[in-house]
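A quick write-up on the structure given underneath.
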Amino acid sequence: MDIGKMKNSIIETFYSLIDERLNIFQKKLTIIRKGKIVSSDGNDIYTISINNANYKARSHYDYKINDIVWVVVANGNYKDLFILY
């Protein structure tokens, strides 16, 4: 293999790795969603409605039913939510 082909192969591999990492990164982005308090479940846990689906989220603040809150979805994981405010 000559140097030019080797160089191109290395560059292609490098770009392929970058694309792969970007895809993984984009799937695991931390996002913030607007939600509504549906119920207080005790122990700083609330049921929140986001886009007509209910999720559990934690917060150390007191909220009332129907309060609108901002919820952090860390790394795209809807099983470990917390209320930002």
Side-chain angles (χ1 to χ4, degrees):
M1 182 180 269
D2 68 48
I3 298 293
K5 287 182 181 179
M6 216 166 161
K7 178 181 168 185
N8 287 340
S9 177
I10 290 171
I11 290 172
E12 286 176 23
T13 301
F14 180 72
Y15 283 132
S16 176
L17 289 172
I18 289 174
D19 285 342
E20 182 181 316
R21 293 292 177 202
L22 278 175
N23 287 335
I24 291 169
F25 177 73
Q26 289 172 343
K27 290 179 184 176
K28 297 206 175 237
L29 285 176
T30 296
I31 53 177
I32 298 173
R33 295 282 186 232
K34 189 176 185 179
K36 182 168 76 170
I37 301 290
V38 175
S39 68
S40 174
D41 302 335
N43 294 328
D44 297 332
I45 303 293
Y46 293 88
T47 299
I48 298 174
S49 176
I50 301 172
N51 296 330
N52 297 319
N54 288 342
Y55 301 96
K56 302 286 185 185
R58 59 189 158 81
S59 176
H60 297 294
Y61 297 102
D62 291 324
Y63 295 99
K64 297 175 186 163
I65 294 175
N66 293 324
D67 280 353
I68 303 299
V69 293
W70 291 99
V71 180
V72 175
V73 183
N75 297 321
N77 182 1
Y78 277 83
K79 295 183 182 207
D80 190 25
L81 304 177
F82 64 92
I83 300 171
L84 186 58
Y85 60 88

Considering residues at least two apart in sequence or located in another chain, which fulfil the side-chain contact (heavy atoms from CB on, under 4.5 Å) criterion with [X]?
X   : answer
V38 : T47, S49, N54
I10 : none
F14 : I18

Under 6.0 Å from the CG atom of N77, do we count more than 12 heavy atoms belonging to anything else shown?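 It does: N77 CG has more than 12 such atoms within range.
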State whether the number of non-hydrogen atoms from other residues, nucleotides or ligands found under 6.0 Å of N51 atom CG is greater than 12.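 Counting other residues, nucleotides and ligands, CG of N51 stays at 12 neighbours or fewer.
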Residues forming a ring-ring contact (aromatic ring centres under 6.0 Å, His included) with Y78, sequence neighbours excluded: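 Per chain and number, Y78 pairs via ring-ring contact (aromatic ring centres under 6.0 Å, His included) with Y55.
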Looking at residues at least two apart in the chain, or sitting in another chain, which of them share a salt bridge (Lys or Arg N to Asp or Glu O under 4.0 Å) with K36?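 Per chain and number, K36 pairs via salt bridge (Lys or Arg N to Asp or Glu O under 4.0 Å) with no residue.
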All salt bridge (Lys or Arg N to Asp or Glu O under 4.0 Å) counterparts of D80, not counting sequence neighbours: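 D80 satisfies salt bridge (Lys or Arg N to Asp or Glu O under 4.0 Å) with R58 only.
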Of all the heavy-atom pairs spanning I50 and G35, show the shortest one and how long it is.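 Looks like CG1-CA, 4.0 Å.
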Checking the side chain of S9 only, and the main-chain atoms of K5 only, is there a donor and an acceptor separated by less than 3.5 Å?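 No, the answer is negative, given that no donor and acceptor are paired below the 3.5 Å cut-off.
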Does any non-hydrogen side-chain atom of L81 lie less than 4.5 Å from one of I48?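 The answer is no, as the side chains (C-beta and beyond) never meet within the 4.5 Å cut-off.
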Rounded at 0.5 Å granularity, tell me how far CD1 in I83 sits from CD1 in I32.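 Those atoms lie 13.0 Å apart.
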Within this structure, what is the CD1-CG distance for the pair I3 and N8, rounded to the nearest 0.5 Å?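 One finds 11.5 Å between CD1 of I3 and CG of N8.
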Taking distance alone, no hydrogens or angles, what donor-acceptor pairs closer than 3.5 Å link side-chain atoms of residues 63-74 to residues at least two apart or in another chain?
from	atom 1	to	atom 2	distance (Å)
D67	OD2	K64	N	2.8

With salt bridge (Lys or Arg N to Asp or Glu O under 4.0 Å) as the rule and sequence neighbours excluded, what pairs involving residues 41-57 come up?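 Applying salt bridge (Lys or Arg N to Asp or Glu O under 4.0 Å) to every pair that reaches into residues 41-57, excluding sequence neighbours, yields D41-K56.
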